[in-house]
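Below, read A as the first sequence line, B as the second, and so on, with proteins coming before strands; counting in each chain starts at 1. These numbers come from the heavy atoms of this one structure, side chains and all, not from hydrogens, waters or symmetry mates. What you see is a predicted model, and the numbers here were worked out from it, not measured in a lab.
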Amino acid sequence: MRMKLAIAVAVVAVLLGVTQVRAHHAFAAEFDVNKPLNLKGTLIKWEMVNPHSWFHIGVKDKDGKVHTWMVEGGSPNQLIRMGVTKNTVPVGTELVVEGYQAKDGTEKAVGRNFVLADGKRLFLGGSAGGPTDPVKVK
Amino acid sequence: MKRLVLGAVAAVFLAASVPSAQTRPYKAPRTPDGQPDLQGFWTNATYTPLERPNGVTKALYTPEEAEAAIKQAIQRESAQTEPGTTADVHYDFSQFGLDRSQSAFVRNLRTSLIVDPPDGKIPPVTAEGKRRLAERAEEAKKLGGRWDSAESNQLDDRCLIMAGPGPPMMDAAYNSNYHIVQAPGYVMILTEMIHDVRTIPLDGRAQPDAKVRQWMGVSRGRWEGETLVVETTNFNGKNPFRGSTENMKVIERFTRVADDTIEYKFTIDDPSMWTRTWSAESAMRKTVGPLFEHACHEGNLGLYNTLVGARLEEKRAQEEALKKGSK
Amino acid sequence: MNVRRCEGAKVQNRFLIGTMTAAVACGVLLALTSVMAQAPAYRAPRTPDGKPNLNGIWQAMNTANWNIEPHPAAPSPVRELGAAGAVPAGLGVVEGGEIPYLPEARKKQQENYANRLKLDPEIKCYLPGVPRATYQGFPFQIIQGTKHIMLVHEFAGAVRTVYMTDQTEAPADSWMGWSNGRWEGETLVVDTKGFNDLSWFDRAGNFHSEALHVVERFTPRSAETLNYEVTIEDPKVFSRPWKMSMPLYKRVERNAQILEFRCVEFAEDLLYGHLRKQPAK
Amino acid sequence: MRLRSRSFLRGTTVALALTLGATISLAGQAQAPAKPATAKAAPASAAAGKAYKAPRTPDGQPDLQGFWTNSTYVPLERPNGVTKEIYTPDEAEAAIKAAALREAEQTEPGTTADVHYDFSQFGLDRSQSTFAKNLRTSLIVDPPDGKIPPVTAEGQKRAQERAAARKAAGGQYDAVENMPIGSRCIIMGGAGPPLQNAGYNANYQIVQGAGYVMILTEMIHDVRIIPVDGRPQPPSQVRQWVGLSRGRWEGETLVVETTNFNGKNAFRGASENLKVTERFTRTADDTISYRFTVEDPATWARPWTAEAPMAKTDGPIFEFACHESNYGIANILAGARADEKKAAEQKKGSN
């Protein structure tokens, strides 16, 4: 019961996005609105750390050289309460990240949207599956 | 005044050649927990050298010879220096009661403290020992001149450690005094110079891990009848005793042989330096307290002054060299 | 090697003649049996629900935070701190004296030590990890709740929840790990896994990997002391499990309390000072 | 942005299938779905008058242990234009819905506001977990207008001085010390006292040992250990970010008085002489009534009081090591330095 309702709420939130009112820090001071990017790569490591978690993603450039991008995501704590563990998103998962690059120009970014290779949205929150539900990586 | 009298009157020589402690009739008083009581103030000041002087062939002096040797030593110690010479630049030890003869000192018929080997000399150095000595000299050379930096100066000038605490405990030239206090399971020996304390457990505990190394090593004691036997290892090797290494083992034996005398014997075992073990025999004489706080490092203006002096001299020499060059 | 099984063998060995085989199989571990572990049995006062009462503010008094292995006194790594920052000698808290590192791991420890001013997480005000938090020199408070026992440390406000009932595996790796607890007679046994590989055991660079498994045993030994015994297992770093042990002392001042050591701001200039805006030239 | 529009469409379907209001209101009731939302959300009358008696800890304290949240959509101060103190349940639902919508407003791709990760992907929007419901129009119950009382002249002067000191220290991203203390992982809103909704992870774990109540705030693992043994406050020289707390039981209610603040985490502009009195009363299995009174004559003309219930929620509380992996600080400062360099180069180029 609770799960389903939570999902519904979550989807509404997904649909509408969330403002940065409750951000731990000023994102726009860290990342550059003028450097939007779209990264496609495979997960090397998900640092489930606070205040923000970080996805290390191996991204190939046109010469085939792999660059390790560090992409900022949210605090893992609520996800853990919802049952997510370090095994939920396995190393090697293919991810597409829309986001913005760090202002200092290094290979760091904030992940505005994390999407799986099949186009489904990576949704780590309280999803239990279902046809219309956001995708939960097993 | 009192001390002068003490020094002069205590003319009874330590009968170094008399039979060993075990057979003596004297039995030390006991502490409340039954240990032989070594407590009180003691000195190991002596005019007897560790090694037998060259030319002396006997192990024991006659009392007259001993008296004469002491007199000679006292005279040497208080020989007047020539005003205006480098040697004269010091305060007068006698004005501060610091020459040995002004306080209690140990009299000994022996011509050397070393009793074994029988020649009264430290045994030959091993090949490893020679190599180590050469290495040490090399390191010292790298550090530069004695007054190039605080670290290159002598340990005693730096107030790190002096000759007294050992082990083995040696005459420190002045203030060669010790305060022994006993508690159940422990004997504590406070060395006056730089207030160095040895707290010796008697409860049979093992030596600590070889990684734990100290300037004075780590000591473990036990009573063998009237005698306190103390074995010390775990030296850090930074205060070599007559060239010893960090592998030295010192065995000390304290036996109270009279109300005013503790017989003190020690054996040095350091195969890294010497071809054989060697032993010495001395004594500690009852003396007068108190031991006033010998805070050394805290008031060690001398170290600062010598460094400043050395730097000034260098500057002066440089300036003079420049002057010469410009002429 | 399964430590717990060996502990069982040890107990057997004490009471039954003829279990020597088991004892031999666990030979190395048995050799580590601490003197303290054999202290005469003491029965602690009980909480109202019948558990040994470990509530209180506790503190270690030793030099383990400098180096858990035996060590001589040594100069301060920071020149300006002189004697105040120098290392006091210690007999060590590791049973047997030496941590059984794999050869490569010992090399890494030595590198850690050589670069400790840059690498020691303590200097950066990072959470101290386990068991370092226990003997870091700061007090910590045990709060024995009904389902959870809290270990609240003064340093960096580090805190551990020991799950006594609702036990799960660590959901993710963390500095202080994920602790499940149980009572064995007088002893609180805390089993902790789920560590990251970032904390150290001491200022000497002794370290572990994320495979670290820590079993701590808190046993009352008198009204105001606890025996604290720790078994460390980490096959990526050590050739076998090993133990450390020490007493913990109760802070008995009437007004004793854990105060703030919110050290982040003490480390910020060190961490981020190089990113400070330079005055316009 | 193709992917985002896809999820938009999918979301729309779901949104149509469910009534938003019901969804949100029930989500908050996750722990006790059988109970109507209003049952525990009614304005708390005096705790003593309630029939509910809390279970007891082994040593006889009322048992407050467990995981709790003070996450809420109710604002501290009454919104302008709202004149009543208490909403009807329908009005409360509508207010929550409006707040949840505001919280979930979409940002425009390519705008500064859009530079962030999506909270919902990490379960961090309030409505994804338990939140405490409340019919009140403001958490403040006294003064009756639901607003923080007027600031004294001294308080205004201090506020100006603080602002001037901040300005003198330079820009926010000139140096780490100039950044907000939350960004620096020193302390966040939740720890208080008073305990406040932290925006996300607004969770607490309460554990009681004989003579002590411990409150762990999830954000930055802030712990308050409150002695309830009647000891006096420590000397005034000992000052802390969270002050120093002393507690006592008054019947069913844990009363905690806190002073000795260091003034560096000024609650709504308070001085270091702030005194906070908190009252925790368990009024149901899944609710703790939480009231706090703030006294600081150096800042406000009169004391003021708020009421913000805590709702039972799920554990665990995972380690919120914050400072340790706070890469954002270096990124932000490096970003600011990079911006400066760029600006300097542009200036050179234009010369």
Under 4.5 Å from any heavy atom of chain D - which part of D49(C): both
Cut-off 4.5 Å, heavy atoms of chain D, and the answer for Q144(C) is backbone
Are the side chains of P58(D) and T146(C) in touch, meaning some heavy atoms are under 4.5 Å apart? yes
Do Y212(D) and Q141(C) have side chains that get closer than 4.5 Å, going by heavy atoms? yes
CZ-CG distance between F67(D) and D166(C), expressed to the nearest 0.5 angstrom: 6.5 Å
With the threshold set at 4.0 Å, does a side-chain nitrogen-carboxylate oxygen contact exist between R160(C) and E319(D)? no
Within the structure provided, determine whether V152(C) and I225(D) are in side-chain contact (heavy-atom separation under 4.5 Å). yes
Give, as side chain, backbone, both or neither, the part of C263(C) having an atom under 4.5 angstrom from any heavy atom of chain D. neither
Residue part contacting chain D, namely of D173(C), when any heavy atom lies under 4.5 Å: backbone
Contacts of residues 266-274 of chain C with chain D (heavy atom under 4.5 Å): E268(C), D269(C), L271(C), Y272(C)
Does the pair K264(D) and E265(C) meet the rule for a side chain to side chain contact (heavy atoms under 4.5 Å, CB included), with working shown? CA-CA 12 Å; K264(D) 293 202 276 186; E265(C) 56 174 346; 2.9 Å; yes
Taking R262(C) as the fixed residue, which of N262(D), I186(D), I181(D), I220(D) is the one that meets the side-chain contact (heavy atoms from CB on, under 4.5 Å) rule? I186(D)
Do K124(C) and E324(D) sit within salt-bridge range, that is, some charged N less than 4.0 Å from a carboxylate O? no
Heavy-atom pairs under 4.5 Å with chain D, option from G50(C), G177(C), A172(C) with the top count: A172(C)
Can you tell me how far NE2 of H148(C) sits from CG of L216(D), rounded to the nearest 0.5 angstrom? 11.0 Å
Filtered by a 4.5 Å non-hydrogen cutoff, the part of residues 197-204 of chain C contacting chain D is none
Against chain D, work out which of T168(C), I142(C), I143(C) has the most heavy-atom pairs shorter than 4.5 Å and name it. I143(C)
Side chain proximity check, D174(D) to R276(C), heavy atoms < 4.5 angstrom: no
So for atom CZ, which belongs to F261(C), do other residues, nucleotides or ligands contribute more than 12 heavy atoms lying within a distance under 6.0 Å? yes
Considering only heavy atoms from C-beta outward, does the side chain of H221(D) approach that of L127(C) to under 4.5 Å? yes
Do L244(D) and Q257(C) have side-chain heavy atoms sitting under 4.5 Å apart? yes
Honestly, the part of A170(C) sitting under 4.5 Å from a heavy atom of chain D is neither
